[in-house]
Amino acid sequence: MKLKRFTVLCTALTLTGAILAPAVASAEDHSLAERLREAIVAQNFKDVIDLTPPEATLATARSAEQREKYDPSPAELMNKAQARMTMSAEAAGKPLHQTPNMDAAIIELNEYGRPKQVANVLLSPQYPNGVVVPVKKSGLSTDQVRYRWWDDTEWDVNGGKGTRDVLAGRENAPIDFSSPYPASVLKLMVGFGVLRLADEGKVDLDADYVYDPNPVRPACGGKSVKKIRQHFDEMITKSQNESTCALIKMIHDLNAWDHVNQTFVNLGMPTLMVTETIPGNGGRWIGSNMSGLDTAKLLLLINGGGPGALWTTGKGKAVTRNELSLSSRKFFQETLLGQGHNEMLSTSNWCGRDYPTQGLPQQVPSRWIRPDGTVKVGDAVYDRDVRPCNETAEVTFAHKTGWVDTTGSDAGIVKSFRGKNKRNYIVVVFCNLGTDYVDANRPADPPGVFPVLYTQKYAQLGKAIDNIMKNM
């Protein structure tokens with residue numbers, strides 16, 4: 001169930017500036033944050049079609065099991081897309097009556113990979129005109145947002161307002177925001193946990209892990225034996241749920257999830273957490289939370305940057321690239337660069353199609369390209385020759401996507417090719433416009449091809465953000 005209304009919330013930080021106070025950005029403000037805010041507002045989300053409008057779902061009670069959210073398999077998604085194409089106009093949904101919740105963050109990097117500018121824009125029903133969130137420059141952080149846990153039903157019946165706090169002690173914060181569920185972007189947190197444990201000598205990436213779930217959970221699959229390194233690669237590059245469950249269970253086997261979550265707190269990323277997963281199978285991910293700002297900081301750490309502090313926590317800890325070893329950072333970066341699902345902020349897997357629009361101009365990794373130029377990622381088949389787009393690509397995008405019914409998300413590191421407009425930045429977008437929301441009059445997907453699951457406004461936003469960064 002989803003009720004949606006629109007708010008813009010803008011967070012900006014220039015590392016040479018002081019703490020920024022909440023304010024509506026002025027027409028003369030040409031900061032990164034204001035440009036990001038304008039790009040988001042320009043998407044005009046009100047014309048997106050909600051396939052499950054509130055009046056169709058308010059009477060439906062959702063149990064905890066019904067609320068579980070995993071990325072569906074390619075086969076499930078293709079069947080779902082095909083069924084939608086046969087819907088009558090009356091059954092196809094209604095335009096949004098409320099603007100979605102969105103958390104979008106950018107960290108511009110200098111030539112050494114260190115933070116140069118930061119912007120964070122939040123949209124929600126409470127803030128339709130946009131505000132600037134105060135950000136402390138030393139910690140790339142804010143204590144001025146009262147983050148709430150995402151809940152579909154609450155969002156439907158309570159005007160977009162959540163009721164459960166993510167962090168204690170924020171009751172008097174001036175900005176109140178329900179954080180969209182991160183979907184498979186949460187796998188960045190699992191990956192960090194695995195590599196942190198590897199650096200501590202508790203995990204060997206080249207060892208076999210026997211995944212023997214008890215009880216078996218359909219989304220997590222059955223018993224398997226794979227190298228931990230293979231589980232990691234499949235979790236990131238193919239968003240494979242079975243491998244994710246295996247790694248979550250492995251961390252449970254080591255009684256290490258409290259340690260991993262506390263590490264996020266100690267490093268000044270308190271909104272990052274994986275909680276309430278099932279120790280016996282690694283399932284049930286709904287207790288995961290990520291803010292755009294802290295997710296961008298996690299990617300900043302993975303990216304590495306130069307020596308010295310990337311930021312300093314409120315307790316005075318200097319966070320450096322050495323929170324992960326060089327080998328762990330390199331492995332994490334390589335898997336993110338190997339992402340197969342390039343179809344959110346970037347849409348290169350659908351190279352040259354009129355729909356969806358072409359997004360961030362990313363190069364598709366060669367490992368997924370077949371001899372005819374088309375892409376196959378596991379069971380997900382794309383029908384376009386991506387070689388022309390690779391020839392004109394301007395950037396690499398080391399990223400992780402995620403989508404469920406009420407989430408569309410993408411988070412990654414953008415680096416331009418030599419000879420292209422130079423830019424180097426981190427971008428994160430979390431939004432509740434998932435697979436239950438589509439564009440009006442969207443064309444049908446070809447049979448047997450991985451479908452366009454959500455609004456193309458994500459790709460439009462990705463392109464707009466990249467244009468902003470080219471001209472900074």
Side-chain angles (χ1 to χ4, degrees), residues 9-15 17 19-20 32-33 36 103-110 112-122 133-145 147 166-167 170 177 179-180 182 185-193 195-196 260-274 288-324 328-329 332-333 336 398-400 409-415 424-430 465 469:
L9 185 58
C10 202
T11 296
L13 162 67
T14 337
L15 294 185
I19 295 176
L20 303 177
L32 176 58
L36 176 58
D103 185 347
I106 297 173
I107 301 179
E108 182 184 16
L109 306 174
N110 68 14
Y112 304 108
R114 300 181 62 76
K116 186 177 178 182
Q117 290 191 86
V118 179
N120 184 204
V121 175
L122 307 177
V133 178
V135 177
K136 299 176 182 179
K137 66 175 184 178
S138 61
L140 307 183
S141 63
T142 183
D143 58 6
Q144 299 296 293
V145 180
Y147 293 105
V166 174
L167 303 174
R170 296 286 185 93
F177 180 73
S179 299
V185 176
L186 68 85
K187 295 169 185 178
L188 293 178
M189 297 189 290
V190 179
F192 175 85
L195 294 181
R196 181 83 173 192
V260 171
N261 285 323
Q262 187 60 45
T263 299
F264 291 132
V265 175
N266 295 343
L267 296 180
M269 300 178 286
T271 67
L272 304 188
M273 60 188 76
V274 178
S288 300
N289 186 81
M290 307 177 82
S291 71
L293 192 57
D294 282 352
T295 303
K297 289 166 67 176
L298 179 60
L299 288 165
L300 176 62
L301 193 158
I302 293 166
N303 187 55
L310 296 170
W311 68 84
T312 303
T313 71
K315 293 188 175 181
K317 175 179 173 57
V319 178
T320 74
R321 62 187 180 183
N322 296 324
E323 297 300 337
L324 286 176
S328 288
R329 294 198 310 271
F332 214 150
Q333 292 166 22
L336 290 169
H399 67 125
K400 183 71 196 78
S409 54
D410 203 350
I413 305 161
V414 179
K415 296 182 180 180
N424 186 9
Y425 64 95
I426 290 164
V427 59
V428 178
V429 173
F430 294 124
I465 288 171
M469 302 312 295

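- Taking all atoms of both residues into account, the shortest heavy-atom contact from Y425 to E108 is CB-CA, 4.0 Å.
- At least one side-chain heavy atom of L109 sits under 4.5 Å from a side-chain heavy atom of L300.
- Here the closest heavy-atom approach between residue K297 and residue I107 is recorded as N-CD1, 4.1 Å.
- A donor-acceptor pair is defined here as one N or O able to donate and one able to accept, closer than 3.5 Å; such a pair exists between the side chain of R114 and the backbone of A309.
- Between V185 and D410, every side-chain heavy-atom pair lies at or beyond the 4.5 Å cut-off.
- Proximity of R170 to Y147: side-chain heavy atoms (C-beta onward) are separated by under 4.5 Å at one or more points.
- With sequence neighbours left out, the salt bridge (Lys or Arg N to Asp or Glu O under 4.0 Å) criterion links R196 to E200, E323.
- Of the possible donor and acceptor atoms, none in the side chain of S291 sits under 3.5 Å from a partner among the backbone N and O of T271.
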Between M189 and V260, is a side-chain contact (heavy atoms from CB on, under 4.5 Å) present by the stated rule, with each step listed? CA-CA 9 Å; M189 297 189 290; V260 171; over 6 Å; no
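- Between N303 and Q333, the shortest heavy-atom distance links the atoms O-NE2, 3.3 Å.
- A donor-acceptor pair is defined here as one N or O able to donate and one able to accept, closer than 3.5 Å; such a pair exists between the side chain of N261 and the backbone of V274.
- Under the 3.5 Å distance criterion, the side-chain polar atoms of R329 are matched with a main-chain donor or acceptor of L324.
- Here the closest non-hydrogen pair linking L188 and A411 is CD1-CB, 4.3 Å.
- No donor-acceptor pair under 3.5 Å is formed between the side chain of Q144 and the backbone N or O of V135.
- Remark: F332 engages F232 in a ring-ring contact (aromatic ring centres under 6.0 Å, His included) (not counting sequence neighbours).
- Pairing each heavy atom of M290 with each of F430, the nearest pair is O-CE1, 3.7 Å.
- Judged by distance alone, with hydrogens and angles left aside, the side-chain atoms of T313 form no donor-acceptor pair with the main-chain N or O of L267 at under 3.5 Å.
- Considering CD1 of I106 and NZ of K116, their distance stands at 13.5 Å, rounded to 0.5 Å.
- Between the side chain of S409 and the main chain of P182, a donor-acceptor pair closer than 3.5 Å is present.
- At least one side-chain heavy atom of W311 sits less than 4.5 Å from a side-chain heavy atom of L301.
- Within the 4.5 Å cutoff, no side-chain heavy atoms of I465 are placed close to those of V414.
- Counting only heavy atoms from C-beta outward, the side chains of P270 and D294 approach each other to under 4.5 Å.
- Rounded to the nearest 0.5 Å, atoms CD1 (I426) and CD1 (I302) are 8.5 Å apart.
- Here the side chains of T263 and F192 are in contact, with some heavy-atom distance below 4.5 Å.
- Between A119 and L32 the shortest heavy-atom distance is CB-CG, 3.7 Å.
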